[in-house]
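What follows is a single structure, written as structure tokens, with notes after it.
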Amino acid sequence: MTDDSSRFGFETRAIHAGQEPDPRTGAVIVPIYQTSTYAQDGVGGTREGDYEYSRTANPTRTALEQQLASLEGARHGLAFASGMAASDAVLRTTLRPGDHLVLGNDAYGGTFRLIDKILTGWGVSYTVANLADAGAARAAVRPETKLIWCESPSNPLLGIADIPALAGVAHGAGARLVVDNTFATPYLQTPLALGADIVVHSTTKYLGGHSDVVGGAVLTNEDELREQLFFLRNGAGAVPGAFDAWLTLRGIKTLAVRMERHCENAERIAEALIAHPKVAQVCYPGLPGHPGHEVAVKQMRRFGGMVSFRHAGGEQAALDASARTKLFVLAESLGGIESLIEHPGRMTHASAAGSMLQVPADLVRLSVGIEDARDLVADLLEALG
Ligand SMILES: *Cc1c(COP(=O)(O)O)cnc(C)c1O
């Protein structure tokens with residue numbers, strides 16, 4: 001099931017796209033092709049199509065790429081060694097020295113660091129804007145703008161960008177729209193169908209889903225861009241190993257059922273928090289009071305497993321609550337089956353301190369896992385005291 005996979009439902013594609021039984025042995029599960037090189041029939045001639053060296057291509061990785069492309073409704077998928085390697089490849093293929101990009105004001109801290117500390121040294125400039133407001137995005141665009149880089153929902157404030165509206169702004173300016181779809185996953189939202197040009201993922205998060213592998217991916221419908229990304233990845237070498245590709249492939253098979261439970265549990269937690277006297281604000285796009293709720297309803301299937309809240313007691317109270325949970329593990333990262341809690345200001349987003357992306361000091365971020373929701377709510381209420 002590789003070519004006309006779009007006629008199958010999401011769950012079917014997650015399990016079968018790119019994953020035919022092994023032609024030689026009949027193995028139902030794609031093997032881990034733990035090999036760096038491939039025998040050739042003659043000098044310069046390769047056997048079995050395209051494989052000659054695993055930096056260039058590896059069959060386990062190819063299966064993952066076909067699975068991801070099918071789920072995002074993309075013509076092309078490329079897997080990378082990490083989400084940051086995927087983002088770096090997109091930035092370095094779509095931008096040249098002198099070009100400008102517009103970045104959301106609550107982008108992932110690592111993305112901001114890559115652009116602010118590395119890309120600027122390469123002659124690229126950027127403007128930070130509130131991308132939940134398409135008018136603010138339009139105002140930030142310049143003649144040399146080539147990219148708008150957006151996350152929706154965003155990390156850690158769960159802001160929602162109107163993807164079709166942003167695509168209109170980007171295309172009106174002769175630029176491309178990139179959506180980092182890590183928080184939503186293709187199960188909840190498919191940005192290419194909403195007008196985006198490029199999707200990036202940290203597959204480390206919900207796609208892998210079990211907190212046991214680091215990886216990234218880029219999806220696009222543009223043939224020429226795919227060639228440029230492939231060339232850069234082969235040239236610079238940020239590829240995932242076969243075992244990492246296999247773990248991600250396996251994780252994605254259960255994405256749909258995991259996401260349903262993540263969403264279910266997050267909704268229960270958001271409801272419990274909103275009623276709590278020590279909680280000043282709950283950031284969850286599923287809540288009718290969330291400023292992006294209406295847009296989220298239009299472009300997402302459900303609202304995801306990430307919930308952030310502001311502690312009414314300020315920074316120290318937020319730090320204390322983060323350290324007091326017993327089931328929620330105090331840790332960076334997100335999207336695994338186990339629940340995690342963290343303080344973005346001191347942890348994931350510390351590198352944004354002092355910038356326009358600085359996050360509120362009283363903010364606590366939850367990655368809601370798929371445990372029993374009653375246990376999770378009880379754990380949080382006890383930690384809040
Ligand atoms: C984690 C994350 C990244 C970076 O991915 P890595 O796999 O850690 O390199 C990028 N964007 C978002 C939204 C993330 O959460």
Side-chain angles (χ1 to χ4, degrees), residues 64 68 72 78-92 101 103-119 131-132 147-161 163 177-189 191 196 198-219 233 236-241 244-245 247-248 251-252 259 262 266 283 285 300 304-308 331-336 340-344 347-352 357 359 363 365-369:
L64 169 63
L68 278 167
E72 283 286 2
L78 288 133
F80 285 83
S82 69
M84 291 323 305
S87 301
D88 176 58
V90 168
L91 290 163
R92 287 198 286 141
L101 80 150
L103 176 69
N105 64 353
D106 54 356
Y108 175 67
T111 306
F112 174 65
R113 180 175 57 196
L114 172 63
I115 292 167
D116 180 59
K117 296 285 193 291
I118 300 175
L119 262 283
L131 297 183
L147 222 56
I148 297 179
W149 189 288
C150 129
E151 286 173 33
S152 186
S154 67
N155 180 11
L157 290 168
L158 286 308
I160 297 292
I163 294 173
L177 175 65
V178 182
V179 175
D180 181 335
N181 205 29
T182 298
F183 270 38
T185 83
Y187 181 67
L188 299 179
Q189 165 179 286
I198 302 169
V199 167
V200 302
H201 276 288
S202 169
T203 58
T204 314
K205 315 294 169 51
Y206 288 104
L207 292 173
H210 297 74
S211 304
D212 53 13
V213 62
V214 169
V218 181
L219 293 305
R233 186 184 63 177
V239 292
D244 286 5
L247 280 172
T248 310
I252 293 171
M259 288 313 292
H262 282 296
C283 309
M300 298 178 77
M306 299 299 296
V307 179
S308 294
E332 300 197 352
S333 198
L334 60 106
L340 303 179
I341 189 166
E342 67 119 2
H343 184 269
M347 294 171 67
T348 47
H349 291 65
S351 62
L357 286 82
V359 296
L363 192 74
R365 189 188 76 178
L366 307 173
S367 173
V368 179

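Just so you know, these numbers use all the heavy atoms, side chains as well, and skip hydrogens, waters and symmetry mates. As the structure lists them, so they are numbered: ligands from 1, and atoms in each ligand from 1. In this chain, numbering begins with 1 at the start of the sequence shown.
Among Lys205, Glu332, His201, Met84, the residue whose heavy atom sits closest to atom 2 (C) of ligand 1 is Lys205. Residue Thr204 holds the heavy atom nearest to atom 7 (O) of ligand 1 of all those in Asn181, Asp88, Val214, Thr204.
Ser152 and Ala184 get closest at one heavy-atom pair: O-CB, 4.2 Å. Minimum heavy-atom separation, Met84 to Tyr108: SD-CE2, 3.7 Å. What you find for Met347 and Glu332 is that their closest heavy atoms are C-OE2, 3.3 Å. Between Pro344 and Leu363, the shortest heavy-atom distance links the atoms CD-O, 3.3 Å.
Ligand 1 is approached by Gly215 to a heavy-atom distance shorter than 4.0 Å.
Between the CG atom in Leu158 and the CE atom in Met306 there is a gap of 7.0 Å [rounded to 0.5 Å]. Rounding to the nearest 0.5 Å places CG of Leu68 at 6.0 Å from CG of Leu219. Note: Thr182 OG1 to Asn155 CG = 8.5 Å, rounded to the nearest 0.5 Å.
Backbone and side-chain nitrogen or oxygen atoms of Leu334 are examined, and none is located within less than 3.5 angstrom of a nitrogen or oxygen of ligand 1. Here's the thing with Thr111: none of its N/O atoms is less than 3.5 angstrom from an N/O atom of ligand 1. The shortest N or O to N or O distance between Gly83 and ligand 1 is under 3.5 Å. Residue Asp180 places at least one N or O, backbone or side chain, under 3.5 Å from an N or O of ligand 1.
The protein heavy atom nearest to atom 3 (C) of ligand 1 is Tyr108 CE2, 3.4 Å.
Atoms of ligand 1 found under 4.0 Å from any heavy atom of Asn155, numbered from 1 in the order shown, are 15 (O).
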